Protein chains: 2
Amino acid sequence: MAANSALRRKSPWAGREARTREREVKREAVLRTAVTLFNERGFHATSIDDVATALNITKPTIYHYFANKDEILFECVRRGIDSIQQAGLAAEKKGGSAMERLCAYMREYAIVVTTDFGICVTRTADHELSAAARKRFRASKREIDRAISRVVEEGMIDGSIATGDPRLMTFTLTGSLNWIAQWFDPKGALSPEDVADGCVATLVQGLAPRR
Amino acid sequence: MAANSALRRKSPWAGREARTREREVKREAVLRTAVTLFNERGFHATSIDDVATALNITKPTIYHYFANKDEILFECVRRGIDSIQQAGLAAEKKGGSAMERLCAYMREYAIVVTTDFGICVTRTADHELSAAARKRFRASKREIDRAISRVVEEGMIDGSIATGDPRLMTFTLTGSLNWIAQWFDPKGALSPEDVADGCVATLVQGLAPRR
DNA sequence: TAAGTTGTATACTCATGGGTAACATTGTGG
DNA sequence: CCACAATGTTACCCATGAGTATACAACTTA
């Protein structure tokens, strides 16, 4: 009895299935617009009305897709966090020495941080989120730091990374990478890949000239 | 005709001179309390009432010392920026190779960024400031970046620093340093000096082990 | 002691913006 | 064809928080 979904897709009377798909598309559009405005003006300085007008709709329509403003912000950072975690998994999958995996991770991390959702992650302060969201946000960030720390420690053992305090080293690395979100200009001369490569190169080689 | 100021200082009727001194002390107290709250909860989430209650006074009293909320924030970041610029001047004064001066600068920079006003500088987003303040804030930050970039370039010439894109390298460095404000815990195991030294070491030596 | 200056509090005003109630419209399914 | 669900709008409510008008107390100075 299942109607042919290929046919149904083309029909203007697309049915319930297509409706929920439409809903997702619209929800996504709200998110995309919101994150852009949040990054431009900041979360507090962006009103739901601002987001609505940018989409040619009105405020209650937005509340039809999201429970409240906090949920919108949380969804934005969640997407960014997800991308970063994906980058970590991909790097691990590639294998190689700890240094190689770390470099792969950092490169992808840097690229994520040039995207809208990535920018939102590093620019959103904990206290801007609701209590519940904040808890999850913090936990995710800790998890990421932990994952990087672990690779750094492995590198100190397998000899591919210089010894030191792994925690402090991790913060030094993520600091450089997170900060990209503060200055990167998509209309600038450097592509995300250029920035990622340059940044990773400096972190790996250091400032001192090799001789 | 000028009264003996040493005598006047001890009298309970201290006169106009002492009054303006008192005023400065109180203004400073407002600033110190404000910056602490701003760093804890964020600028928008901190009301003037919050600052007032923390000081056991009321809102209008604060407006007796500051024209508006923006002025308070601006004064906070100004103090932080000043400290960073002082660090730059001190490092230049010490002399040495570009690398030596850069290291001295970065070390001091890192320490400033663990102080309340320093934290405020890196955590305050441009759009939180008034239009006028924003302009000055941005200009100051650009100036600092420019100063660091200049030293980096000098180092590439005198051979004390590895070659590369000086601008990108500068952002990589300041990223690590600025990010300290996001994670540093004054009650933690590491002192500001420990953090500064460790961070600078990683940036100079890189992750790769020297052989 | 009267007038002025400084610092502080009480008690407002007022704009902003998150969120909602109620209603209109339209396609969907029985 | 009718009821229902989904989507959207207009028109509101209400809390918060920046900033102020005004009164008042205390000390200074003439």
Side-chain angles (χ1 to χ4, degrees), chain A residues 1-3 5 7-30 33-34 37-38 41-74 127-131 133, chain B residues 1 3 8-9 11-30 33-34 37-38 41-74 127-131 133:
Chain A
M1 272 52 55
S5 75
L7 265 183
R8 215 196 289 177
R9 197 163 303 148
K10 297 194 169 168
S11 160
W13 296 276
R16 194 155 40 82
E17 205 174 295
R19 287 282 277 280
T20 60
R21 209 165 36 238
E22 288 261 305
R23 189 184 168 82
E24 270 318 300
V25 169
K26 290 181 183 172
R27 217 182 117 95
E28 202 65 28
V30 171
T33 305
L37 292 176
F38 291 166
R41 316 176 190 175
F43 178 66
H44 281 290
T46 305
S47 71
I48 297 290
D49 269 323
D50 290 337
V51 180
T53 11
L55 286 161
N56 287 316
I57 55 176
T58 58
K59 188 162 55 165
T61 302
I62 291 196
Y63 282 99
H64 203 257
Y65 295 93
F66 295 91
N68 50 46
K69 201 185 173 190
D70 294 312
E71 188 180 301
I72 299 180
L73 179 59
F74 181 64
H127 45 70
E128 292 183 306
L129 291 155
S130 68
Chain B
M1 260 342 183
R8 213 196 292 177
R9 198 163 303 148
S11 161
W13 296 276
R16 194 154 39 83
E17 205 172 294
R19 288 281 277 282
T20 60
R21 207 162 40 235
E22 287 261 306
R23 190 183 168 82
E24 270 318 299
V25 169
K26 290 180 181 172
R27 215 181 119 94
E28 202 66 26
V30 171
T33 304
L37 293 176
F38 291 165
R41 317 175 189 176
F43 177 67
H44 281 289
T46 305
S47 71
I48 296 290
D49 270 322
D50 290 337
V51 179
T53 18
L55 286 161
N56 288 314
I57 55 177
T58 57
K59 191 161 52 166
T61 302
I62 292 195
Y63 282 101
H64 201 257
Y65 294 93
F66 295 90
N68 51 46
K69 202 185 172 190
D70 293 313
E71 187 180 302
I72 298 179
L73 178 60
F74 182 65
H127 46 70
E128 293 182 305
L129 291 154
S130 68

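Note that the structure is a prediction, hence the values are computed from the model and not measured. In what follows, chains carry the letters A, B, and so on, assigned in the order in which the sequence lines appear, proteins first and then strands, with residues in each chain numbered from 1.
Following rounding to the nearest Å, H44(A) (NE2) and dG18(C) (P) show an atom-to-atom distance of 10 Å. Spacing between atom CG of L55(B) and atom C1' of dA9(C) amounts to 15 Å, rounded to whole angstrom units. Rounded to an integer number of Å, the gap from R23(B) CZ to dT5(C) C1' is 12 Å. Atom CZ of R27(A) is separated from atom C1' of dT7(D) by 15 Å (rounded to the nearest Å). Taking atom CG on D70(B) and atom P on dG17(D), their separation rounds to 16 Å, with Å as the unit. Remark: C1' of dA11(D) and CG of D49(A) are 13 Å apart, rounded to the nearest angstrom. Remark: P of dG7(C) and CZ of F66(B) are 13 Å apart, rounded to the nearest angstrom. dA18(D) atom P lies 5 Å from atom CD1 of I48(B), rounded to whole Å.
Here the shortest heavy-atom pairing between L37(B) and T46(B) reads O-OG1, 3.4 Å. Considering every non-hydrogen atom in both E71(A) and Y65(A), the closest pair reads OE2-O, 4.3 Å. When all heavy atoms of A45(B) and D50(B) are compared, the closest pair comes out as O-OD2, 3.8 Å.
Using a 4.0 Å heavy-atom criterion, one finds that K26(A) contacts the sugar-phosphate atoms exclusively. Contact annotation for S47(A): backbone-only contact, meaning every heavy-atom pair under 4.0 Å involves sugar-phosphate atoms and none involves a base. If you check every strand for non-hydrogen atoms under 4.0 Å, Y65(A) touches sugar and phosphate atoms only.
The only member of N68(A), T33(A), I48(A) that meets side-chain contact (heavy atoms from CB on, under 4.5 Å) when paired with I62(A) is I48(A).
Contact check, T58(B) against dA9(C): a side-chain N or O comes under 4.0 Å of OP1 or OP2.
Taking only distance into account, the side chain of K69(A) never meets the base of dG17(C) through a donor-acceptor pair shorter than 3.5 Å. At a cut-off of 3.5 angstrom, the base of dG19(C) holds at least one donor-acceptor pair with the side chain of K59(A).
Residues A45(A) and A67(A) both approach DNA chain C. Their nearest nucleotides, taken by heavy-atom distance, put A45(A) toward the 5′ side.
Considering only the side chain of H64(A), dG8(D) comes nearest among dA11(C), dG8(D), dT9(D).
With Y63(B) as the aromatic partner, K69(B) does not meet the cation-pi criteria of under 6.0 angstrom to the ring centre and within 45 degrees of the ring axis.
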